[in-house]
Amino acid sequence: MKQSLMFVPTMRDMPKDAEIVSHKILLKGGYIKQHAAGVYSYLPLAYKIIKKIENIVREELDKIGCSELLMPALQSKDLWVESGRWEAYGKELMRLKDRHDRDFCLGPTHEEVITAIVRDSITSYKKLPVALYQIQTKFRDEFRPRFGLMRGREFIMKDLYTFSTSTEDLDIWYNKVRQAYINIMDRLGLHYRIVNAASGQIGGKSSEEFMVLCDIGEDTIVYSDTGTFASNTELCQLEEGAPSPDGIGIIKHAKGIEAGHIFKLGTKYSEPMNLTFIDEDNKKKPVIMGCYGIGISRLLMAVLEQHNNDLKVLWPDSVAPFKIHIIPMDKVNTAGYEIATTLYSQLISKGYEVLFDDRSESPGVKFNDADLIGCKYQIIVGKKAVEGIVELRNKANNEILEIEIEKIQKYSF
RNA sequence: CGGGAAAUAGCUCAGCUUGGUAGAGCGCUUGGUUUGGGACCAAGAUGUCGCAGGUUCGAAUCCUGUUUUCCCGACCA
């Protein structure tokens with residue numbers, strides 16, 4: 001009997017619109033579907049990964065004392081006028097009117113809303129500091145969306161805001177979040193570099209970017225070979241081979257994807273928006289803010305860009321959509337298929353995430369799709385299944401092992 | 001927003017120069033043969049040729065406008 005276990009609409013032909021490898025894989029492998037320029041549906045496979053990335057982010061932020069909330073994507077003009085960004089943000093801000101002809105925008109970021117929330121509920125130093133974050137769909141009407149999820153007009157972002165009574169406390173939070181970001185990037189299996197950056201629209205004094213290193217990155221970074229200096233070229237342009245400004249090492253260049261950006265905002269929003277608190281000395285002071293972003297959907301692409309080899313994918317354990325991919329060679333309603341089905345149920349009941357290829361496709365089709373899906377373990381249920389033997393492939397080390405079904409039930413994946 | 005390319009079946013594309021019944025491969029449906037790296041045979045279904053005007057007896061094809069998508073640039077957490 002046909003089981004509908006997963007909707008993974010893979011393609012045979014290469015989608016014409018994709019230029020970079022990770023984008024090709026996402027389309028060909030049935031991960032995402034384009035809706036408009038820079039707007040995509042996350043199909044089940046991609047959404048499973050997105051949720052895992054989100055949860056890693058949640059764990060690391062909750063651990064340092066942040067609280068998750070969810071703010072509206074649809075925002076009225078008023079707060080944006082208060083902050084001065086209704087004018088300053090320009091055409092990148094998605095603007096619309098409601099039926100009463102009132103102005104709204106779709107949030108590209110949430111400094112205004114969060115500032116208003118905190119402003120109305122916190123007036124005393126006794127209630128600070130506060131750290132609030134959300135994971136939400138953001139909207140930016142980019143001049144030129146491109147490379148699939150790399151630069152979308154609608155994308156998933158984690159944005160965190162901290163509210164402190166002093167710059168010293170902001171520094172403490174900044175460093176805690178910085179470390180949380182390091183943990184997140186490490187858990188995602190990424191090669192990255194932290195660089196000094198310009199703070200652009202968001203504002204504030206200093207900021208650092210977490211750049212995932214890869215050739216298709218839109219940013220160029222300069223760094224010293226000793227690792228003691230790194231900057232985005234938008235801030236600091238140095239020739240390759242030049243001495244590093246810190247006097248240690250030689251300058252090198254690399255391309256990177258901006259996956260995270262952390263800012264010390266200071267009072268950029270609290271002053272115009274009148275976010276103040278009463279301090280111990282009974283004086284009214286502006287709250288000192290920080291803000292910290294991670295591009296969740298962009299990270300999906302960044303991880304993929306670093307974890308594929310010639311259209312063959314191997315997701316890191318931390319975000320893999322499934323741990324085990326069972327591929328029966330026999331068609332539905334055969335002995336081998338029934339054995340595979342039973343094995344699937346057993347592994348599921350043991351708590352493993354298992355994908356079962358329930359299609360009556362030829363082996364080549366199944367193997368090619370499996371390469372795109374990128375599970376670490378593949379269990380091939382073939383001719384020897386009736387003798388109690390299946391093949392276990394470990395894609396991480398390319399080990400192929402003929403193993404008894406009884407042993408696989410007890411195998412520690 | 002400047003420059004370039006493109007839009008025809010679910011996907012990849014041909015047809016357009018020189019106007020005359022809408023095509024191929026893959027995918028899909030049915031039957032059969034296959035089955036360890038994108039199998040084979042047979043039969044079938046699938047289209048507002050992006051949209052709107054214009055020229056013409058007749059437009060996927062020529063003309064005008066428009067929308068959309070991709071690439072390069074500028075811009076940008």
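Predicted model only: the values in this text are computed from it and were never measured. Letters A, B, ... mirror the listed sequences (proteins, then strands); counts begin at 1.
Applying the 3.5 Å distance criterion, the base of B:U35 shares no donor-acceptor pair with the side chain of A:Lys366. The base of B:C76 is not paired with the side chain of A:Arg144 by any donor and acceptor separated by under 3.5 Å. With hydrogens and angles ignored, no donor-acceptor pair closer than 3.5 Å exists between the side chain of A:Glu361 and the base of B:G38. For a distance-only test at 3.5 Å, the side chain of A:Asp13 qualifies as a donor-acceptor partner of the base of B:G25.
Phosphate proximity of B:C1 to A:Lys91: present, with a side-chain N or O under 4.0 Å from OP1 or OP2. Contact annotation: A:Arg12 side-chain N/O to B:G27 OP1/OP2 distance is under 4.0 Å. Contact check, A:Ser362 against B:G38: no side-chain N or O comes under 4.0 Å of OP1 or OP2.
For A:Lys16, counting side-chain heavy atoms from C-beta on, the closest listed nucleotide (B:G38, B:G36, B:A6) is B:A6. In the set B:U12, B:G38, B:C75, the nucleotide with an atom closest to the side chain of A:Lys28 is B:G38.
Per the geometry, NZ belonging to A:Lys24 stands 13 Å off P belonging to B:U12, to the nearest Å.
Between A:Pro363 and A:Pro15, the residue whose closest nucleotide on RNA chain B is further toward the 5' end is A:Pro15.
If you take atom P in B:A6 and the same atom in B:A14, they sit 10 Å apart, rounded to whole Å. Across B:G23 and B:U18, the matching P atoms stand 23 Å from one another, rounded to whole Å.
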